[in-house]
Participant: 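Structure provided below as C-alpha cells; questions to follow.
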Amino acid sequence: MNTLVLKKATIIDGTGADPVPNGSVVVEEGRIKEVLPGSPGAVPSTATVIDCDGQTLLPGLIDAHVHVGAVDANLMEQQRKVFPSVLVIRTVKVIKEALDQGFTTIREAGGADPGFRESVAQGLISGPRMLICAFPLTQTGGHGDFRLPTEGYTPVEQVAGLATRVCDGVDQVRRCSRDLLRQGVDHLKIMAGGGAMSPSDEIDTSQYSLEELRAAVFEAEAVGKYVMAHVYSGRSIRNCVSAGVRSLEHGNLLDEISAKAIKESGAYLVPTLVTYEMISRMGKDLGIPENNVRKINEARERGLEALAIAHRVGVKIGSGSDLLGPMQVYKAMELELKSRVLGPMGAIVATTKTNAELLKREKDLGTVEAGKLADLIVVRGDPLKDIKVLQNYQDRITLILQGGRIYKHIS
Ligand SMILES: [Zn+2]
C-alpha cells in the first residue's frame with residue numbers, strides 16, 4: 001500500500017476551524033486516511049514521511065473562474081492574430097502555472113475545450129484538475145461577441161484560445177447547450193450581461209432574455225449539471241437568479257436587492273477582484289484598449305463594496321481570479337483582496353471549501369478531512385498573519401500534492 005505521512009504541520013483544514021499546530025496527515029492510495037492533532041504514531045516502514053517543520057498545510061486551492069486560453073491580455077486581438085495551434089501550446093503553459101501556484105483544481109469560465117481536461121487527467125500535461133464549460137454562450141453583440149461595432153461578418157466558430165458561441169433565441173441557445181453537453185462539458189457558461197473586455201457593450205446592461213437563460217438552465221439541469229453566468233448589474237443578476245443559474249460571476253454592481261435574491265435562491269457569488277486590480281495596473285502596457293480599461297476601472301471601484309453587501313446579506317461566496325494573459329500568475333492576490341472583507345480565514349474558506357461545494361465536488365475536494373482526495377499544499381509562513389505568503393509561490397509553496405502524488409517538494 002502506498003502511504004505518505006506529513007508531520008509537524010500547522011493544519012488549516014479549509015472548514016474555517018482554528019489551525020491545528022504540530023498536526024499530521026496520513027495519505028493512503030491518493031486519499032486522506034487520517035488527520036491527527038499530534039504525531040502520526042507508528043507508520044509502516046515503506047511509508048514516505050515528510051517533516052513539514054511547522055509550515056502551514058492547506059487544502060489545494062481552487063480557482064473557480066479561469067480562462068486558460070486567455071494567453072494574451074488583449075483577447076479580441078488574440079483571437080484575430082494567433083493561430084489555433086499556437087493558442088493551444090501557450091495554453092498548456094498557463095495550465096501548468098496554475099498548478100505551480102498551488103491551485104490543484106480550476107474551473108474554466110470559457111474558451112478551452114474538454115481536451116485540456118483529458119490531457120491533464122491522462123498525464124499528457126501537468127496541471128490542476130479541470131472542470132470545463134468549453135465555449136461560453138453569448139448573444140449577438142454580447143460579452144462574448146468579439147466583433148468590433150464596425151465589423152459585419154458572421155461570427156466565426158473558433159476552436160481555441162477564448163472561443164465563444166454566438167447564439168440567439170431559445171432554439172439556438174438550446175441547440176448550443178445540448179451540443180456542448182454532448183461534448184462532455186462539466187457546466188455551461190452564459191454571458192448574461194455586458195462586460196469590460198468586449199467591444200460593443202457596457203457593464204451595467206443585461207443580456208439574453210429570461211426565456212433564453214431558462215433554456216440553458218433547463219438543458220444543464222436535465223443532465224445533472226448547472227449554469228455559471230457572467231453578470232455585473234442588479235438586473236442581470238435578478239434575471240439569472242429567476243432562471244435558476246447556480247453560479248453568478250463577478251457581480252460588481254450588485255445591490256442589496258439583488259444580493260438578497262441570490263441568497264434566497266441558494267446560488268453562489270464568485271467575485272473576481274484581482275483581474276480588475278491587475279488590469280488597472282498593467283492593462284494599458286499589455287495593449288488593452290482604453291475603452292476596455294475604462295470599463296475595468298468602473299468594475300474595480302465597485303468590487304469590494306459588492307462583496308461587502310453580499311457578505312452582510314449572507315450570500316455563499318466562492319472565489320475566482322478571471323486573470324488574463326501574463327497576469328495569470330497573480331492568482332493568490334485574490335485572497336488578499338477578499339480578506340479585506342472576509343478576513344484571511346474567510347478568504348481561504350471561499351477558495352477551498354466553498355469553491356468545492358460550488359463545483360459539486362465537496363465529497364472529494366476542498367478540505368483536509370479523512371476520505372477526501374489528497375490535494376494538499378504546504379506553505380512557508382502563516383497565511384492567517386500574512387495572506388500574501390501565498391503569492392510568492394515559487395519560494396513559499398514547498399509541497400504540492402495532487403491526489404496523493406508529489407508534484408513539487410522543496411525541503
Ligand atoms: Zn471571465
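First listed ligand is number 1; within each ligand, the first listed atom is number 1. What you see is a predicted model, and the numbers here were worked out from it, not measured in a lab.
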Participant: Do Thr272 and His65 meet the criterion of a side-chain donor-acceptor pair at a distance under 3.5 Å?
Facilitator: no

Participant: Near the Zn ion (ligand 1), which protein N/O/S atoms are found at less than 2.8 Å?
Facilitator: His65 NE2, His67 NE2, Asp322 OD1

Participant: Centroid separation under 6.0 Å, is that true for the rings of His409 and Tyr407?
Facilitator: no

Participant: Hey, does Ile95 have a side-chain heavy atom less than 4.5 Å from the side chain of Ile125?
Facilitator: yes

Participant: If every non-hydrogen atom of Glu212 is compared with every non-hydrogen atom of Val170, which pair is closest and at what distance?
Facilitator: CG-N, 3.9 Å

Participant: Would you name the heavy atoms of Gly404 and Leu4 that are closest together and state the gap between them?
Facilitator: O-CD2, 4.0 Å

Participant: Please name the residue in the list Leu254, Val241, Leu248, Leu269 that meets the side-chain contact (heavy atoms from CB on, under 4.5 Å) test with Val231.
Facilitator: Leu248

